[in-house]
Amino acid sequence: MEMHQKTNYPALYTLIVVFFFWGFIAAGNNIFIPFCKEYFHLDQFQSQLIDFSFYTAYYLGALVLFAFGMLRGKDLVTSWGYKRSIIYGLIFSAIGAGAMILAVEADIYIGMLVGLFIVALGFSLQQTAANPFAILLGDPKSGDSRVNLAGGINSLGTTIGPLIVSFALFGTAAAVTDNQIKNLSMDKVVLLYTCVGLLFIGVATLFYLSKKLPEGKSVETIEKSTKALKTLIVITLLLFVCLAPVFQSYRSEDNKKINEMELVLEKREKELQTTTDFSAKGTINQEIQQLQSDKNTLKAKIENKRIMWLAGALFSVIGGLVFAYFQSKKNKEGWGAMRYPQLILGMIALFTYVGVEVAIGSNLGELLKSKQFGGLHASEIAPYISMYWGSMMIGRWAGAVSAFQLTRQKRMFLIILMPIIAFSIIMMANALAGYEVTNLYYYFICVVLQIAAFFMSKNKPVRTLLIFSLFGITALLVGLNTTGMVAIYAFLAGGLACSIMWPAIFNLSLLGLGKYTAQGSAFLVMMILGGGIIPPIQGKLADIIGIHCSYLVSLACFVYILFFAVIVKRILKKQQIDVESTVSN
């Protein structure tokens, strides 16, 4: 008689809290971005540095772990053990929360970025260990269901995070004008991160004191992948080379001149409103026009340089991976997991996926502030941010149904029911928080369209990726060509499109890797970097061509994911892998 390992539910529930944190903090950043833009007088690119700091930390953390693993000949996380790695990650995140508190107390934006960077470094270590650890907490055959459960709770964190962070920042669900934001106290942010830091420490203590948790250790040696490591190091160096001039430009003499011109313009515009002398008004008006023209000319010059360097940063990542793709085809020696084309193309796909997922949400606040999209104040956007990230929960709850052994009728019923329940929870959470949600009622139409997409995908990974990337492309095209609630719904529906992409991209990228599967997984986690690179690029483009048109960047990301869905099936077929019968997401 076959014995089944019992699930360690207390440990699983504790681990699920860690998954909740990831979603809570990541989605809460979408409220911090428009708040910080007003509070610290930033442009859209500078406000997007919150995403840059947070998601770049994931990449650098994973890269450092990989590099040390290569030097030692064994993986650091498995040599420490999953349990201890999660504890270390939680302590690191607690230190980041402490740094965040100090920065908020001192009113230093760069300090806040450092704090978020340290929090995310801890998350990087936690995420590397948490998924395999969830599988160890019970019967390996039911491991997927535990990971999916944790993913669903992660999505709940992304739904609740914006609401709690919004209340911490604004103290109310009522509208707070952008001018009022500049005079707000950040005491509640200190309280929020004090609670978060204590929770990190509390969960770490629970893990440490639990004697029944498996250590999850392994002493297996890993194969050297020197060419892959060198390529990733070169990509990292090129990123810093390209990004340094962008950051430096904000301290340049030309930028100082622009700031001085803006102050003079503000002063002249006040004089124009108060003076009663018509001849003086004419003179002041001419001066304003000349100053505006000079400022625009100088600003265009700086912005063009910035976008050029940012494009260089994007090219460094994608170009470096394309280089690895062609070089590994010539000689596979020293490339490790990167010898497989499906992995390299999948790394780019995951880079663009995380990029578009974060970019849509992070720029949504600025979009909603424009007159064509409601002219909302930063304090009023929380329900929309919550619904965007809640769209991830809607899709993931439906996607989790396939992890359980159910009859066809029950599975179909739950694929319809779970999105409805998730949508209802999001609406209820916003209503209980005191927000006006009537504008979001008709978004349920988009949810129905997603349910239809689930049925069309037939639980096949390539088909799923094809249908949902087309769903995202259609949504972005509608959003780019309309305004008002139709466009808002379309951009929110980008979250529905993204919701189910991660497992499909991940699984397709790792198919056929054999002994290189663990290393390939580490490379894919590095590509969370897309959330740190693509949103600032869209933010800078918004500074140049406007926030609405900047969503062309998000559209381009969905187009690449569609390309990956088409090409990966051909690649796997050449390797004699029948993808549709081998994997299910």
Side-chain angles (χ1 to χ4, degrees), residues 33 42-64 66-67 109-110 113-114 116-117 120-121 124 227-255 258 298-327 338 344 347-356 358-359 362-363 523 525-545 550 552-554 556-557 560:
I33 287 168
L42 310 172
D43 65 21
Q44 188 63 8
F45 168 77
Q46 288 173 303
S47 69
Q48 292 291 327
L49 292 179
I50 288 174
D51 279 336
F52 173 78
S53 300
F54 191 78
Y55 290 99
T56 302
Y58 272 91
Y59 169 73
L60 291 176
L63 179 60
V64 168
F66 173 63
Y109 180 58
I110 293 176
L113 297 181
V114 171
L116 283 170
F117 181 85
L121 274 179
S124 176
K227 290 179 182 177
L229 179 59
K230 286 177 183 177
T231 301
L232 289 168
I233 290 172
V234 169
I235 288 173
T236 306
L237 292 173
L238 287 174
L239 274 174
F240 281 108
V241 167
C242 291
L243 292 171
V246 180
F247 299 144
Q248 191 60 38
S249 70
Y250 283 94
R251 297 181 178 181
S252 66
E253 288 301 318
D254 284 344
N255 201 64
I258 289 172
L298 192 56
K299 193 169 184 178
K301 176 185 168 185
I302 294 175
E303 297 290 25
N304 288 336
K305 285 183 179 178
R306 286 170 179 165
I307 198 69
M308 180 189 72
W309 282 110
L310 286 169
L314 182 64
F315 178 79
S316 297
V317 178
I318 296 176
L321 292 174
V322 170
F323 168 81
Y325 175 83
F326 287 108
Q327 290 298 311
M338 282 192 187
I344 295 179
M347 288 171 71
I348 299 174
L350 208 70
F351 177 85
T352 55
Y353 157 73
V354 179
V356 68
V358 177
S362 296
N363 287 284
F523 288 158
V525 169
M526 289 182 199
M527 291 300 101
I528 292 175
L529 172 69
I533 300 296
I534 291 173
I537 288 175
Q538 183 169 333
K540 180 46 62 188
L541 201 62
D543 289 331
I544 297 172
I545 65 173
S550 74
L552 287 167
V553 173
S554 297
C557 291
Y560 177 79

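- The number of heavy-atom neighbours closer than 6.0 Å to CG of Leu552, taken from other residues, nucleotides and ligands shown, is above 12.
- Scanning all heavy atoms of the two residues, the minimum distance from Ile258 to Ile302 falls at CD1-CD1, 3.5 Å.
- Annotation: the span from Gln538 atom CD to Asn363 atom CG amounts to 4.0 Å, rounded to 0.5 Å.
- Judged purely by atom type and a 3.5 angstrom limit, Ser362 has no side-chain atom pairing as donor or acceptor with the backbone of Ala359.
- Of all non-hydrogen atoms in Val525 and Ala62, the two that sit nearest each other are CG1-CB, 4.4 Å.
- Legend: residues meeting side-chain hydrogen bond (donor to acceptor under 3.5 Å, both in side chains) with Ser124, ordered by chain and number and at least two apart, are absent.
- Expressed to the nearest 0.5 Å, how far CG of Leu49 lies from CD of Gln46 amounts to 7.0 Å.
- Once rounded to the nearest 0.5 Å, the distance linking CD1 of Ile307 with CG of Asp543 reads 9.0 Å.
- Taking every heavy atom of both residues into account, Leu116 and Phe54 meet most closely at O-CD1, 3.8 Å.
- Distance check, rounded to the nearest 0.5 Å: CD1 of Ile544 to CZ of Arg306 gives 9.0 Å.
- The distance from the CG atom of Leu529 to the CG atom of Leu63 is 10.0 Å, given to the nearest 0.5 Å.
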Note to self: For a ring-ring contact (aromatic ring centres under 6.0 Å, His included) check, start with the C-alpha distance between Tyr560 and Phe351, then their side-chain angles and the critical distance, and finish with the verdict.
What the structure shows: CA-CA 10 Å; Tyr560 177 79; Phe351 177 85; 9.6 Å; no
Next item on the list: Test side chain to side chain contact (heavy atoms under 4.5 Å, CB included) on Ile533 and Leu239 and set out the steps.
Entry: CA-CA 9 Å; Ile533 300 296; Leu239 274 174; 3.9 Å; yes
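- Looking at every heavy atom in both residues, Ala57 comes nearest to Phe117 through CB-O, 3.3 Å.
- Residue pairs meeting the ring pair (Phe, Tyr, Trp, His ring centres under 6.0 Å) criterion with at least one member in residues 234-255, sequence neighbours excluded: Phe45-Tyr250, Phe52-Phe247.
- Using a 4.5 Å heavy-atom threshold, the side chains of Tyr59 and Val317 count as separate.
- Side-chain contact between Met526 and Leu350 is absent, with no heavy atoms from C-beta onward closer than 4.5 Å.
- Nearest heavy atoms, Thr231 versus Ala324: CG2-CB, 4.3 Å.
- A donor-acceptor pair under 3.5 Å is absent between the side-chain atoms of Ser53 and the main chain of Ile50, judged by distance alone.
- For Cys557 against Ile534, the heavy-atom pair with the smallest separation is SG-CD1, 3.8 Å.
- Asn304 contributes a side-chain N or O that, together with a main-chain N or O of Ala300, makes up a donor-acceptor pair within less than 3.5 Å.
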